[in-house]
Protein chains: 2
Amino acid sequence: MVTIAEVARRAGVSPSTVSYVLSGKRSISSATRSRVERSIKELGYHPNAGARALASSRSNVVALMMPLRTDMYLPVMMEIAVAVATTAREHGYDVLLLTGEEGAQAVRRIHGSSRADAMILMDVELDDERLPLLRDAPQPVVLIGRPADPSGLICVDLDFAAAGAACVAHLAGLGHREIALIGEAPAVYERHTGFAERTLAGARGEAAQLGVRMLHRPTEGTYEAVAAQLARIFDERPGTTGFIVQNESAIEPLLSLLRQRGRAVPEDVSVVAVCPEQAALHASVRLSSVALPAQELGRRAVERVMDRLSGRTCEQLDLLEPALTQRGSTGPAAAPGS
Amino acid sequence: MVTIAEVARRAGVSPSTVSYVLSGKRSISSATRSRVERSIKELGYHPNAGARALASSRSNVVALMMPLRTDMYLPVMMEIAVAVATTAREHGYDVLLLTGEEGAQAVRRIHGSSRADAMILMDVELDDERLPLLRDAPQPVVLIGRPADPSGLICVDLDFAAAGAACVAHLAGLGHREIALIGEAPAVYERHTGFAERTLAGARGEAAQLGVRMLHRPTEGTYEAVAAQLARIFDERPGTTGFIVQNESAIEPLLSLLRQRGRAVPEDVSVVAVCPEQAALHASVRLSSVALPAQELGRRAVERVMDRLSGRTCEQLDLLEPALTQRGSTGPAAAPGS
DNA sequence: TGCCCGAGTCGAAGCGCTTCGACAGAGTAT
DNA sequence: ATACTCTGTCGAAGCGCTTCGACTCGGGCA
């Protein structure tokens with residue numbers, strides 16, 4: 001492995017000068033700079049990460065902690081992870097991938113060993129066991145998602161309440177008076193995952209305000225489960241004409257089942273989803289949807305990290321405005337009684 | 001941050017003794033060992049990763065490089081990544097997540113900077129630009145997937161050719177004489193992704209051998225694209241009764257379209273997929289399928305890495321036997337002429 | 001009895017880098 | 001001309017750990 005000393009020797013300068021060329025922390029004459037840079041290029045020099053971390057006590061690594069459960073939204077998680085990795089690289093950082101499995105232990109390990117300079121956590125639960133640890137962490141911590149009490153933490157999230165409300169408002173605006181929200185699996189609500197509960201709350205609030213009747217049905221992502229829920233919904237509320245879906249794997253089953261029942265989308269019933277753009281575009285009907293901006297979330301999380309690492313302050317809570325795009329799956333409610 | 005010196009002082013030993021307790025590289029009396037261990041626990045000591053890496057020239061990190069394109073199989077990639085991270089942890093390693101974006105540059109950077117001790121690459125293309133670099137890498141490299149020339153590289157992969165053959169054999173065994181393979185998007189074949197081509201080759205070979213006529217149709221994962229391809233297939237070969245699908249997002253559209261055309265699965269047509277178990281179980285019909293063992297691939301890749309890191313030799317090519325599970329989507333071909 | 005050996009421990013020398021203080025020399029203000 | 005200030009560079013001191021050689025102390029063997 002080529003070291004800074006070799007680069008220095010070849011350029012006829014001292015190692016510290018090479019270091020200053022690399023870091024830009026002291027001014028260097030352009031003649032020296034270019035000699036050093038040539039030398040670096042010619043030798044194919046890359047600073048040793050360990051030595052650098054030891055000397056500067058900064059590792060240039062951001063740790064990314066995956067959710068404890070990976071039973072949902074895998075593609076979304078993946079997109080976020082890739083966006084985090086890409087954005088981090090733009091800032092000269094690498095990403096350490098941690099699974100939630102080790103829990104709080106992993107947080108301690110990373111902090112204790114200075115393996116990373118900061119930490120991003122995805123999909124933290126409303127009262128996650130790691131929260132106290134994160135609050136007085138020695139390093140910047142950014143959450144993607146929002147716990148019950150976000151005080152002392154930096155959070156980046158889609159405004160799911162607004163997303164839920166937007167869906168209801170959209171349907172209500174089209175004249176739908178009875179709607180159903182097909183949600184994530186029951187387990188997701190049971191473990192108090194923030195985004196699911198917030199969407200529901202936002203939708204309920206808007207429904208109450210607009211005088212729309214709304215049914216909430218948590219649903220597993222299997223075809224059978226969706227079929228069962230759909231049957232129950234039409235049983236209980238035969239007049240249901242609007243659907244909100246927040247469960248990527250329920251989308252296609254739902255569309256398929258509606259077709260089978262002879263309910264045309266959007267003529268007879270309207271469907272609006274909260275899902276990644278990609279999913280909305282790939283469905284058998286182009287879905288009106290509120291986009292789940294996975295990449296944007298990942299990007300912003302890294303940017304908040306960089307803010308903190310460079311001493312800048314930033315918003316505690318960075319809530320993305322949801323954007324509802326109307327496509328082919330929503331339309332005016334059939335005139336009542338017709 | 002607490003250092004090894006503090007641990008040593010508190011335990012009344014020298015730093016080197018603590019180090020030996022930690023590494024087990026020299027024998028330590030059990031009395032000393034337990035004093036040191038208590039001291040470690042009480043102080044909450046974690047060895048500084050940078051210092052350790054510098055002194056030992058081993059970082060205890062495995063780099064995981066994502067595919068260049070993330071236009072497909074996101075959930076599979078994710079599963080692999082999580083399995084890699086989990087398995088690596090079991091061996092005391094962390095995982096550095098790299099995107100393919102930087103290409104060969106990233107490979108050089110990681111090797112040059114000793115940021116990782118080994119590297120795992122996912123979904124390498126048949127003649128990937130990074131291959132030469134990887135061949136004479138200073139560190140163990142393991143590929144998940146298989147390039148055209150795997151010499152000098154360690155590869156872990158599902159035996160996709162066998163998987164393709166198994167699908168054909170399964171359908172042929174049920175009496176189907178005309179089958180269609182609905183494949184990944186054309187772009188995937190164009191960039192010569194190994195698994196797609198191998199599946200096709202395996203299927204073709206088996207079809208030829210068993211005297212089955214087979215059509216290959218690369219297909220985008222949208223509903224429209226699948227609809228168009230299906231129309232073409234039935235146009236060209238109205239007698240087609242068997243389908244092999246190797247494109248996760250085409251599955252549900254296909255099933256839905258067959259339903260619309262009044263072709264019952266599995267009474268009229270049979271469908272067998274190459275996809276993750278999860279996808280096969282969640283589809284609207286329980287799919288007969290060859291499982292894509294994402295977790296197993298990730299786990300094995302890490303194990304090959306550990307083999308190499310500890311000086312063991314291992315198979316150059318670790319091909320997983322495909323397993324076809326018959327579920328509700330395949331059945332005997334209708335008697336000809338009936 | 002003397003010698004050797006292994007077990008258990010310590011001290012010190014780095015690993016490759018950053019960074020601080022020092023310093024030479026050129027420019028600027030007096 | 002003097003006294004500064006800046007700019008550009010160097011040397012040396014660590015950062016916290018691992019590891020090598022050396023040392024001590026008992027026990028076993030001749």
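Quick caveat, the model's predicted, so the values are computed rather than measured. Sequence lines set the chain letters: A, B, ... in the order given, protein chains first and strands last, and positions in each chain run from 1.
At a threshold of 4.0 angstrom between heavy atoms, the contacts of A:S29 are confined to the sugar-phosphate backbone, with no base atom among them. Within 4.0 Å (heavy atoms only), A:S19 reaches at least one base atom of the nucleic acid. At a threshold of 4.0 angstrom between heavy atoms, the contacts of B:S23 with the nucleic acid are absent. As judged by a 4.0 angstrom heavy-atom cut-off over every strand, B:T32 is placed among residues touching the sugar-phosphate backbone only. Contact annotation for A:T3: backbone-only contact, meaning every heavy-atom pair under 4.0 Å involves sugar-phosphate atoms and none involves a base.
Legend: residues meeting side chain to side chain donor-acceptor pair (under 3.5 Å) with B:D307, ordered by chain and number and at least two apart, are B:R304, B:R312.
Overall bending of the helix from C:dT1-D:dA30 to C:dT30-D:dA1, expressed as the angle between end axes built from five pairs apiece, is 40° (10° steps).
A salt bridge does not link B:R10 to B:E6: none of the charged nitrogens lies less than 4.0 Å from a carboxylate oxygen. We find that B:R300 and B:E303 are not joined by a salt bridge, their nearest charged nitrogen and carboxylate oxygen being 4.0 Å or further apart. A salt bridge does not link B:E101 with A:R89: every distance from a Lys NZ or Arg NE/NH1/NH2 to an Asp or Glu carboxylate oxygen is 4.0 Å or more. Using a cutoff of 4.0 Å between basic side-chain nitrogens and carboxylate oxygens, A:E37 and A:K41 are not scored as salt-bridged.
When only modelled atom types and interatomic distance are considered, A:S16 and A:S19 share no side-chain donor-acceptor pair under 3.5 Å. Side chain to side chain, B:T32 and B:S29 meet the donor-acceptor criterion of an N or O pair below 3.5 Å.
Side-chain N or O atoms of A:R146 include none that pairs as donor or acceptor with a backbone N or O of A:L158 at under 3.5 Å.
Taking atom CZ of residue B:R9 and atom C1' of nucleotide C:dC10, one finds them 16 Å apart after rounding to whole Å.
Comparing B:Y20 and A:A55 against DNA chain C, the residue whose closest nucleotide sits nearer the 5' end is B:Y20. Between A:S56 and A:R26, the residue anchored nearer the 5' end of DNA chain D, judged by the nucleotide with its closest heavy atom, is A:R26.
Nucleotides of DNA chain D that come within less than 4.0 Å of any heavy atom of chain B span, from the 5' end to the 3' end, D:dG16 to D:dA22.
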